[in-house]
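Report on the following structure.
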Amino acid sequence: MKFIDLLRTAIGNTFRSKARTILTVIAIFIGAFTLTLTSGVGTGVNDYIDKTVAGFGDQKSIYVQKVAEQTAPQDDGPREYDPEESSIQTGFGSTSGLSNDDIETIENIDGVTSVDPMYMVSPTYLESADGKKFQLSLGAPSDAEGVQLEAGEIPAREDDEMLIPASWVEDLGFDSNEDAVGKTVDVVMTNMAGEDKTFEITISGISQASLAGASLTPMPSSSLNEKLYDYQTSGSPRDVPDSYFMAVANIENIDDAGQIKSQLADENMMGMTVEDQLGMFRAVINGIVWILNSFAIIALLAAGFGIVNTLLMSVQERTREIGLMKALGMSGGKVFGLFSLEAIFIGFLGSAIGAAVGVATGSIISSVLSNGLLEGLPGLSLFLFDPIQIAIIILSVMVIAFLAGTIPAMRAARQDPINALRYE
């Protein structure tokens with residue numbers, strides 16, 4: 001009997017006892033369905049984290065700040081400017097930033113190839129086209145290619161442009177993200193002499209919210225950031241020392257990051273890689289996925305016992321048939337293969353249906369949540385399915401089914417044909 005004949009016979013035999021087979025397939029279906037959904041969650045969230053990493057910065061750099069309490073960005077839109085409440089520093093008497101000496105210290109650390117300082121800019125307020133004034137805290141220059149946008153484009157490095165968060169669009173008086181792109185707002189700066197100057201800034205794009213908190217504040221182009229800083233430090237009868245809110249330390253080997261961060265801590269500076277900032281999210285998500293996978297694996301093990309039971313009953317019911325096949329010349333190996341193929345087919349049937357239903361269910365849920373509860377995290381697909389992972393799940397379940405069918409198959413293969421033919 002050729003392999004194709006064995007396979008055809010195995011598929012036919014599978015449905016001799018339909019009720020028993022269907023119950024076993026359902027048990028496998030539950031496990032495969034759960035594994036598919038949990039795999040989709042892990043892939044979807046980790047994909048979003050990877051996008052966030054790309055927008056947050058270079059994974060091979062260390063982001064250095066002076067150790068000081070940082071003001072958390074607001075994720076619910078800009079705060080209206082109130083002269084009585086706002087006390088934005090134009091000098092640096094109470095602001096903690098990196099100095100030129102700090103930059104030199106970073107440059108002298110072994111393993112650091114270069115340092116890119118970022119100017120500390122504190123605008124007085126932002127004024128929209130309809131005259132409303134808002135407090136303004138600028139984020140890092142937005143030249144990173146990975147910044148996720150809802151509309152528009154990254155600011156040109158040499159132009160007076162900036163990104164604004166999607167949550168700011170309505171407050172600034174624009175009808176939509178697309179309506180805001182290309183429009184201008186006024187940023188008022190106060191220099192060291194107390195003189196105000198208005199800078200007309202073009203909105204080049206609208207940034208998405210992200211898991212790491214990046215893109216929750218307006219992000220200027222590099223040249224605009226420097227231009228605002230130059231005016232901010234002008235008007236003083238004495239020289240104002242440069243101050244930077246952050247420096248990007250480019251390193252030769254990311255494996256040296258721990259040693260470099262330790263040396264920075266000795267100098268009262270804090271260094272963080274992108275993985276430091278987002279690795280915790282990834283660890284938590286992976287932990288949750290593994291916990292959920294464990295329940296799916298338990299379901300599959302239970303299904304494995306169902307396969308053992310199904311095939312043992314089949315062997316018992318077909319004892320005379322097995323004896324006849326062996327009497328007609330079928331070897332024990334082919335009998336073993338026949339029952340193993342039955343087990344594998346049951347595993348394939350349950351896993352394929354479970355995976356297909358899991359993909360369909362996850363896609364629907366993901367679409368609903370993206371337009372509902374997760375609307376504040378654009379770009380996040382809660383369920384994202386990798387065809388390779390789905391194939392691995394199906395193959396893994398088929399392997400489990402094969403192992404579960406080994407005992408019944410061996411029992412069938414060892415049947416003595418004479419005794420089997422006498423079996424009642």
Side-chain angles (χ1 to χ4, degrees), residues 28-59 75 144-151 153-154 165-167 177 205-216 273-300 347-348 350-400:
I28 297 173
F29 165 87
I30 294 172
F33 175 79
T34 306
L35 273 177
T36 301
L37 286 182
T38 55
S39 171
V41 169
T43 302
V45 176
N46 281 316
D47 175 75
Y48 183 65
I49 291 176
D50 289 339
K51 291 178 181 177
T52 303
V53 167
F56 201 81
D58 188 350
Q59 297 186 61
D75 60 359
E145 294 182 0
V147 174
Q148 301 297 307
L149 300 178
E150 291 197 12
E153 56 188 18
I154 298 294
S167 59
N177 293 340
I206 310 301
S207 60
Q208 288 184 355
S210 75
L211 193 64
S215 306
L216 294 180
T273 62
V274 170
E275 192 60 33
D276 290 333
Q277 301 169 70
L278 299 180
M280 180 180 65
F281 291 103
R282 199 188 305 276
V284 170
I285 293 302
N286 288 339
I288 293 173
V289 169
W290 274 110
I291 291 173
L292 294 176
N293 281 343
S294 66
F295 289 105
I297 292 171
I298 292 173
L300 288 175
F348 170 75
S351 61
I353 296 174
V357 175
V359 170
T361 303
S363 299
I364 293 171
I365 293 175
S366 185
S367 177
V368 171
L369 290 178
S370 295
N371 297 317
L373 292 176
L374 300 180
E375 191 174 7
L377 293 175
L380 169 61
S381 295
L382 186 59
F383 293 94
L384 194 62
F385 299 99
D386 182 355
I388 295 178
Q389 288 187 354
I390 300 301
I392 290 174
I393 289 172
I394 294 175
L395 290 174
S396 298
V397 174
M398 290 172 67
V399 170
I400 292 174

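Hydrogens, waters and symmetry mates are skipped; everything else that's a heavy atom, side chains included, is used.
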**Message:** By the side chain to side chain donor-acceptor pair (under 3.5 Å) test, which pairs, at least two apart or in different chains, include something from residues 31-45?
**Reply:** T38-N293, S39-Q389, T43-Q389
**Prompt:** Measuring from I393:CD1 to I390:CD1, what's the distance to the nearest 0.5 Å?
**Reply:** 4.5 Å
**Asked** Quick one: CD1 on I298 to CD1 on I30, what's the gap to the nearest 0.5 Å?
**Response** 13.5 Å
**Request:** Can you see which heavy atom on S351 is nearest to which on I394, and at what distance?
**Result:** OG-CG2, 3.4 Å
**Item:** side chain to side chain contact (heavy atoms under 4.5 Å, CB included) against I400, all qualifying residues, sequence neighbours excluded
**Value:** L300
Cut-off 3.5 Å, no hydrogens considered: what does the side-chain donor-acceptor table look like for residues 352-366, sequence neighbours left out?
unit_1: T361; atom_1: OG1; unit_2: V357; atom_2: O; d: 2.8
unit_1: S363; atom_1: OG; unit_2: V359; atom_2: O; d: 2.8
unit_1: S366; atom_1: OG; unit_2: L382; atom_2: N; d: 3.3

**Request:** Calculate, to the nearest 0.5 Å, the distance between atoms CD and CG belonging to E150 and N177 respectively.
**Result:** 5.0 Å
**Fill in**
Taken in chain and number order and not counting sequence neighbours, the residues that satisfy ring-ring contact (aromatic ring centres under 6.0 Å, His included) with F29 are F33
